[in-house]
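Scroll down for the structure; my scribbles are underneath it.
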Amino acid sequence: MKLEKILDEYFGFPSFRLGQKEIIQSILSHQHTLAMLPTGTGKSLCYQFPAYFFEGSIIIVSPLLSLMQDQVEQMKFQGEKRVIALNSFLTFQERQQVLAKLSHYRFIFLSPEIFNNQSVLSALKKIKIGLFVVDEAHCISQWGYDFRPEYLRLGEFRRALNNPLTLALTATATEKVRKDILHYLELDKVKEWIYTVDRPNIALSIEKMTSQKEKLSKLLHYVQRLEKPGIIYFSSKKIAEEITNYLMENGVSNVATYHADIEQEERILIQQQFLYGELDIICATSAFGMGINKENIRFILHYHLPSQLESYVQEIGRAGRDGKPSIAILLYVEGDEIVHKLWIENELPSNEQIDGYFQYENQLKNKEIIDYLQLSETQQRFLIYIKKRLTNESNLIKSTVAKQIKDDRVKTKYGNLQSMLRWIHSEDCLRKGILSYFDEEMEQIISPCCQQCGFDVTTFFCEQKETRKNDSERSWKDQLKKLFKVEGCQK
DNA sequence: CGTTCGTCCATTAATGGACGAACGGTGCCTTAAT
């Protein structure tokens, strides 16, 4: 049967999107595959489709519980009942039941951390695995070295499962990150399908200002005028909250804050409200976004810069999934990057902490070492990872290697931040800058492209559309607006 | 690095200033350390 026919009959799509068919064919011919597709272009089909050709289960490694839950719900809604998220949301009894009949499930979503659980791992060993999928595979490189070390152990877990056929999916990976992905998944002989990171319908703009105050008024200016809905990104939870209040005080309604300290229930509520159009603007940290499948986001504003261009591309990529013109504006004041430098410096243990850790390891209890050296959770996880990786080596070697890895990591992260800053300060086309960071060249001329290529931000304003209307219509509309305090474009 | 928070001590007992410490995004997993 032709693939298109199956696509139509089973999934209800008339045709494949860019890259999907090639990736699916590559999987169907049993080649390990690394696929890079632009944000929001239907990566999940790439593993859902082959599932119906394979015996055995499809394992999908996913970075977030909420993402797994969403995908499971969505697939159940589409009629696939043999799907489960194997994670800490399950009670002990539920987990036992699921593990007992694991081969029953066609799709098994799980986190990298769950492989640490011996009963889960041994249950997985007993079933036939048709495909091992790593979703958002750039997390291996982005988080594996410090924040979530289990991402670096996915190769080890793959080996434990007898090296199943593997598909790594991402939207943003430089050459270096792609190498990391293959290395840590222990893959060679890989078919790579790399498509552009570019999203032509998203116009790009950077505005440099000299004070935070100026930035604040610029933000309000844009928020009041740009077509909604939109997301505003911050590198501080506190400032995200403050600006939510500031916007509301200035007549912008339907705004909410989203960050890691917001209760789980509240976070789900905000996501839902945003999805269904009850909220227009989310003031968020980097916690917000993964798995947000909202078609009509019109703008992404950055009140603070992210720490690397990969993150920036991920974040702005949430705009314009419907293909309509959208805009990404980065507001920059010198010094905004300082907080990233601090995090780079402090998230991994210092040389003194590393030496101390391996020196006292045999003498003190773990908890005493942590207290004495004041190790953060990330720092502990890093050190435990090194310890496990070098089990048979002396403490001196462990200590030396740990310092080496830490130095490399700090250097890489500084480099990424520098690239971000170079891009901000460059006077070249912004799109070209992003593409060249991902070793791509501009192949087409896009209009509107970016503020370097010359475009008018006001074309993205609601007002612009309304001035086309005649005066009398406008005035009653304005009055109505005032009366009901309606913000945003009226369609 | 730059802001905020808590403590201490001052003096027309209820503020206020000085000073140092703490903090700053992201998320799994809680039966996993010889």
Side-chain angles (χ1 to χ4, degrees), chain A residues 61-69 85-92 95-96 99 109-122 136 138-154 157 212 233-242 257-262 264 267 283-291 302-308 310-312 314-315 333-348 357-358 360-370 374-378 380-381 383-388 391-392 398 413 417:
Chain A
V61 180
S62 171
L64 292 173
L65 297 178
S66 62
L67 199 59
M68 295 178 210
Q69 302 296 122
L86 188 50
N87 59 34
S88 58
F89 285 176
L90 299 177
T91 64
F92 184 77
R95 181 183 286 184
Q96 296 312 106
L99 292 181
F109 288 85
L110 37 73
S111 70
E113 286 83 359
I114 203 85
F115 289 115
N116 282 325
N117 187 303
Q118 287 307 321
S119 61
V120 171
L121 193 62
S122 62
E136 310 286 359
H138 58 277
C139 291
I140 291 173
S141 185
Q142 192 173 320
W143 282 348
Y145 293 96
D146 33 55
F147 189 45
R148 295 177 68 178
E150 272 75 12
Y151 261 104
L152 294 195
R153 297 177 60 207
L154 285 177
F157 301 137
Q212 296 295 329
Y233 276 106
F234 299 85
S235 57
S236 149
K237 293 180 271 199
K238 207 174 142 210
I239 296 175
E241 277 173 15
E242 283 169 10
T257 318
Y258 189 105
H259 56 65
D261 288 351
I262 307 279
Q264 186 70 20
R267 286 168 73 165
C283 292
T285 60
S286 58
F288 186 73
M290 233 187 244
H302 276 81
Y303 194 80
H304 295 129
L305 68 159
S307 63
Q308 49 178 15
E310 285 99 318
S311 308
Y312 188 71
Q314 287 274 352
E315 285 163 5
V333 174
E334 203 180 321
D336 282 350
E337 68 280 7
I338 287 173
V339 72
H340 292 297
K341 291 187 179 171
L342 292 170
W343 288 327
I344 293 169
E345 293 287 336
N346 295 320
E347 70 184 348
L348 291 179
Y357 183 82
F358 290 111
Y360 298 127
E361 204 204 349
N362 301 331
Q363 303 160 28
L364 298 174
K365 283 181 186 159
N366 203 40
K367 194 175 174 305
E368 291 169 339
I369 299 176
I370 291 163
Q374 299 202 338
L375 296 170
S376 71
E377 204 177 327
T378 297
Q380 292 168 43
R381 293 177 69 97
L383 291 163
I384 289 168
Y385 167 72
I386 299 290
K387 200 165 78 179
K388 277 187 188 159
T391 310
N392 299 323
K398 283 179 194 160
K413 285 204 163 183
L417 182 60

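Here the structure is a predicted model, which is why all the values come from computation and not from measurement. Chain naming here is simple, since letters A, B, ... match the order of the sequence lines and numbering starts at 1 in each.
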Return the value, rounded to whole Å, for the distance between atom [atom1] of [X] and atom [atom2] of [N].
| X | N | atom1 | atom2 | answer |
| --- | --- | --- | --- | --- |
| A/I338 | B/dG25 | CD1 | P | 15 Å |
| A/F288 | B/dT26 | CZ | P | 13 Å |
| A/E337 | B/dG25 | CD | C1' | 16 Å |
| A/D261 | B/dG25 | CG | C1' | 10 Å |
| A/Q142 | B/dG27 | CD | P | 12 Å |
| A/Q69 | B/dG27 | CD | P | 15 Å |
| A/H340 | B/dC23 | NE2 | C1' | 16 Å |
| A/Q314 | B/dT26 | CD | P | 16 Å |

Say we look at [N] and [M]: how far apart would their [atom1] atoms be, to the nearest angstrom?
| N | M | atom1 | value |
| --- | --- | --- | --- |
| B/dT11 | B/dA18 | P | 14 Å |
| B/dT31 | B/dG27 | P | 22 Å |
| B/dG25 | B/dC29 | P | 24 Å |
| B/dA14 | B/dC8 | C1' | 15 Å |
| B/dT30 | B/dT26 | P | 22 Å |

For this session: Using side chain to side chain donor-acceptor pair (under 3.5 Å) as the criterion, list what pairs up with A/S307, not counting sequence neighbours.
Result: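 Here no residue qualifies.
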Exercise. Can you name the side chain to side chain donor-acceptor pair (under 3.5 Å) partners of A/H304, sequence neighbours left out?
Worked result: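 Testing A/H304 for side chain to side chain donor-acceptor pair (under 3.5 Å), a comparison that skips the adjacent residues, returns A/S235.
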Exercise. Taking C-beta and beyond as the side chain, do A/I114 and A/F109 meet within less than 4.5 Å on heavy atoms?
Worked result: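 Not touching, per the 4.5 Å side-chain cut-off.
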Exercise. What residues form a side chain to side chain contact (heavy atoms under 4.5 Å, CB included) with A/E368, not counting sequence neighbours?
Worked result: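 In terms of side chain to side chain contact (heavy atoms under 4.5 Å, CB included), with neighbours along the sequence ignored, A/E368 is linked to A/L364, A/K365.
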Exercise. Reading nucleotides 28-34 of chain B 5' to 3', which nucleotides get B (base under 4.0 Å from a protein heavy atom), which S (sugar-phosphate only), which -?
Worked result: BSSB-B-
According to a strict under-4.0 Å criterion, is [X] in side-chain N/O contact with OP1 or OP2 of [N]?
| X | N | result |
| --- | --- | --- |
| A/K341 | B/dG24 | no |
| A/S307 | B/dG25 | no |
| A/S235 | B/dG25 | no |

Problem set entry | Aro-ring/base stack A/W143-B/dT26, d under 5.5 Å, angle under 30° |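 Given the distance and angle limits, no, they do not stack.
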Exercise. Is the number of heavy atoms from other residues, nucleotides or ligands under 6.0 Å of A/Q374 CD greater than 12?
Worked result: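 No, CD of A/Q374 has 12 or fewer neighbouring heavy atoms, counting only those of other groups under 6.0 Å.
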Exercise. Within the structure shown, what part of the strands sits under 4.0 Å from A/R267 by heavy-atom distance: base, sugar-phosphate, or nothing?
Worked result: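 A/R267: backbone/sugar contact only, no base atoms under 4.0 Å.
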For this session: Check every strand shown and say whether A/H259 touches a base, only sugar-phosphate, or nothing at a heavy-atom separation below 4.0 Å.
Result: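 Contact class for A/H259: sugar-phosphate only.
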Problem set entry | Side-chain donor-acceptor pair present, A/D336, A/Q212, cut-off under 3.5 Å |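 Yes - a donor-acceptor pair under 3.5 Å links their side chains.
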Exercise. Are side-chain N/O atoms of A/Q380 and A/N366 paired as donor and acceptor at under 3.5 Å?
Worked result: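 A/Q380 vs A/N366: no donor-acceptor pair found between side chains.
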Exercise. Once the angle between the rings of A/H302 and A/Y312 is folded into 0 to 90°, is it parallel (under 30°), tilted (30 to 60°) or perpendicular (over 60°)?
Worked result: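 Tilted: the ring planes of A/H302 and A/Y312 meet at 30° to 60°.
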Problem set entry | salt bridge (charged side-chain N to carboxylate O under 4.0 Å, His left out) partner of A/D261, chosen from A/K238, A/K237, A/R267 |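 Among A/K238, A/K237, A/R267, the one that satisfies the salt bridge (charged side-chain N to carboxylate O under 4.0 Å, His left out) with A/D261 is A/K237.
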For this session: Go through DNA chain B and write down every stem, that is, every run of at least three consecutive Watson-Crick or G-U wobble pairs with distances under 3.5 Å, as range with range.
Result: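 The stems are B:1-10 with B:15-24.
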For this session: Using heavy atoms to find the nearest nucleotide of DNA chain B for A/K238 and A/F147 separately, return the residue whose nucleotide is more 5′.
Result: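 The residue closer to the strand's 5' end, by nearest nucleotide, is A/K238.
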Problem set entry | Contacts of type ring pair (Phe, Tyr, Trp, His ring centres under 6.0 Å), residue A/Y151, not counting sequence neighbours |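 For A/Y151, no residue satisfies ring pair (Phe, Tyr, Trp, His ring centres under 6.0 Å) once neighbours in sequence are set aside.
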Problem set entry | B/dA13: syn or anti, per glycosidic angle within 90° of 0 |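 This nucleotide is in syn.
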Exercise. What form does the base of B/dT30 take, syn (within 90° of 0) or anti?
Worked result: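 Syn, angle within 90° of zero.
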Exercise. Does the side chain to side chain contact (heavy atoms under 4.5 Å, CB included) test come out yes or no for A/F157 and A/V61, once each step is laid out?
Worked result: CA-CA 11 Å; A/F157 301 137; A/V61 180; over 6 Å; no
